[in-house]
Amino acid sequence: MNAVSNVLIVGGGIGGLCAAIALRRKGIEVDLVELKTEWTVYGVGIIQQSNVVREMAHLGLLDAYLGAAYAFEDVAIYTTEGVPLARIPGQRLAGPEYPANVGISRRALHKVLSETAIALGVGVRLGLSVERLEQDASGVAVLFTDGSRGRYGLVVGADGLFSKVRGLLFGDKYQPRFTGQSVWRYNFPRAAQIDHLANYQGPSGNAGLVPLADDLMYLFTTSYEPGNPWMDEASLAAELRQRLAGFGGLIGELREQITDSTQVVYKPLEAVFVDEPWYRGRVLLIGDAAHATTPHLGQGAGMAIEDAVVLSEELTAGGSLDEQLRRFMARRFERCKFISDSSLLAGEKEIQRAHDFDRIGLVKRMLEVTAQPI
Ligand SMILES: Cc1cc2nc3c(=O)[nH]c(=O)nc-3n(C[C@H](O)[C@H](O)[C@H](O)COP(=O)(O)OP(=O)(O)OC[C@H]3O[C@@H](n4cnc5c(N)ncnc54)[C@H](O)[C@@H]3O)c2cc1C
């Protein structure tokens, strides 16, 4: 018999939904509350690398997921002018018949995850959060923001960067901080040569092109934005063109087609990292609530998804809940810290314009680490 028979997940993003799916597949009852009244996500894409494809297989989602994604193998690195510098072959961690990496639109991913969670019997309630959590030896009494109540063996805070559950556990000890950089994204029809993840080393920030579908790719670039300035939405296209001014090659060609400010997705980058353990008693943080970092290595959601799978494994592997959560931490902490620290380092080196920084070496190391069993 499991130490925990029912779980409340707070937050219906990538981490919360994957945790709900993983726990339901192990026979644990799951309720999920999501703050948004309309369960939507913004319309850009996300890179998911070989370790994520492997975990999608563990979640039993691979076919639906690959059906909604653009599968690719290699990651290539180019100069500012588009001259190839390195090509890192993909690792087929889910098995030889499955691709190494994918690009997927966030909306398509959300559709696969939310439909699967509901089909598996997760009790989803929207427009709702937790107001108060009171623990005793056998469970957590939860007061929801609509005044309703529940009782759970475990509460999982998967409520992202500005986690309310983190605040309920640790007060204001952990606050997201602006890293100095922002990310800009813009969708384009896929260029035929972008059948892999293409990274371009810029003069003061990187740019990249990610295939999402046969007819769709997105461009991203990072920029140094001291003081986190307010951006006028009407001028976002011009601002993005200006951030890409130093690039030649394909990025330079695409730059001239960035004309619609409503299609520019601008995001200042913020990070937070909670010291271990990420739990107190029967309340645990996963995903960005515990370890939000920058997207320089494309692994933030990957770490949230791995958290979800490992949690479901440990909760059904015997022992007391405390032993289970300790084993969870032992498998997650160093790996997430490596990703968090390395992603932040890559951003800092861009800000410093440290052209001698071995970015290719860092990407290779990340691929080695994430290929290891968890
Ligand atoms: C610009 C950018 C690009 C990125 N690109 C990549 C990439 O290519 N690959 C990758 O792996 N990662 C990427 N990431 C990181 C990735 O988006 C996050 O790591 C991932 O979304 C974390 O998932 P999560 O479920 O923990 O949090 P979130 O996705 O933030 O989900 C949290 C959910 O909780 C809900 N919520 C919030 N507060 C409450 C509350 N009080 N009560 C109830 N619900 C609440 C939110 O509405 C949301 O639905 C990127 C991040 C950024 C900023």
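Both ligands and their constituent atoms are indexed starting at 1 by order of listing. This structure is a prediction, so every number in the text was calculated from the model and none was measured.
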Got a salt bridge between Asp159 and Lys164, using NZ or NE/NH1/NH2 to carboxylate O under 4.0 Å? no

Do NZ/NE/NH1/NH2 and the carboxylate oxygens of Glu134 and Arg149 come within less than 4.0 Å? no

May I have the N/O to N/O pairs between ligand 1 and the protein that fall below 3.5 Å, each with atom names and distance to one decimal?
residue, atom, partner, partner atom, Å
ligand 1, 8 (O), Ile47, N, 2.9
ligand 1, 9 (N), Ile47, O, 2.9
ligand 1, 9 (N), Gly298, O, 3.4
ligand 1, 11 (O), Gly298, O, 3.3
ligand 1, 11 (O), Gly300, N, 3.4
ligand 1, 11 (O), Ala301, N, 2.9
ligand 1, 11 (O), Gly302, N, 3.2
ligand 1, 12 (N), Gly300, N, 3.4
ligand 1, 12 (N), Ala301, N, 3.0
ligand 1, 17 (O), Arg106, NH1, 3.1
ligand 1, 17 (O), Arg106, NH2, 2.9
ligand 1, 19 (O), Asp288, OD1, 2.8
ligand 1, 19 (O), Asp288, OD2, 3.4
ligand 1, 19 (O), Gly300, O, 3.3
ligand 1, 19 (O), Ala301, N, 3.1
ligand 1, 25 (O), Ile14, N, 3.3
ligand 1, 25 (O), Gly15, N, 2.8
ligand 1, 26 (O), Asp288, N, 2.9
ligand 1, 41 (N), Ser129, OG, 3.0
ligand 1, 42 (N), Ser129, OG, 2.8
ligand 1, 44 (N), Leu35, N, 3.1
ligand 1, 47 (O), Glu34, OE2, 2.6
ligand 1, 49 (O), Glu34, OE1, 2.7
ligand 1, 49 (O), Glu34, OE2, 3.4

Name all residues meeting the side chain to side chain donor-acceptor pair (under 3.5 Å) criterion together with Asp136; count only those two or more places apart in sequence or in a different chain, and write none if there are none. Ser138, Arg151

Once the angle between the rings of Tyr152 and Phe144 is folded into 0 to 90°, is it parallel (under 30°), tilted (30 to 60°) or perpendicular (over 60°)? perpendicular

For Phe170, give me all partners under side chain to side chain contact (heavy atoms under 4.5 Å, CB included), at least two apart in sequence or on another chain. Arg166, Lys173, Tyr174, Val274, Arg280, Leu285

Do any pairs count as a side chain to side chain donor-acceptor pair (under 3.5 Å) and have a residue in residues 103-116, sequence neighbours left out, and if so which ones? Lys111-Glu115

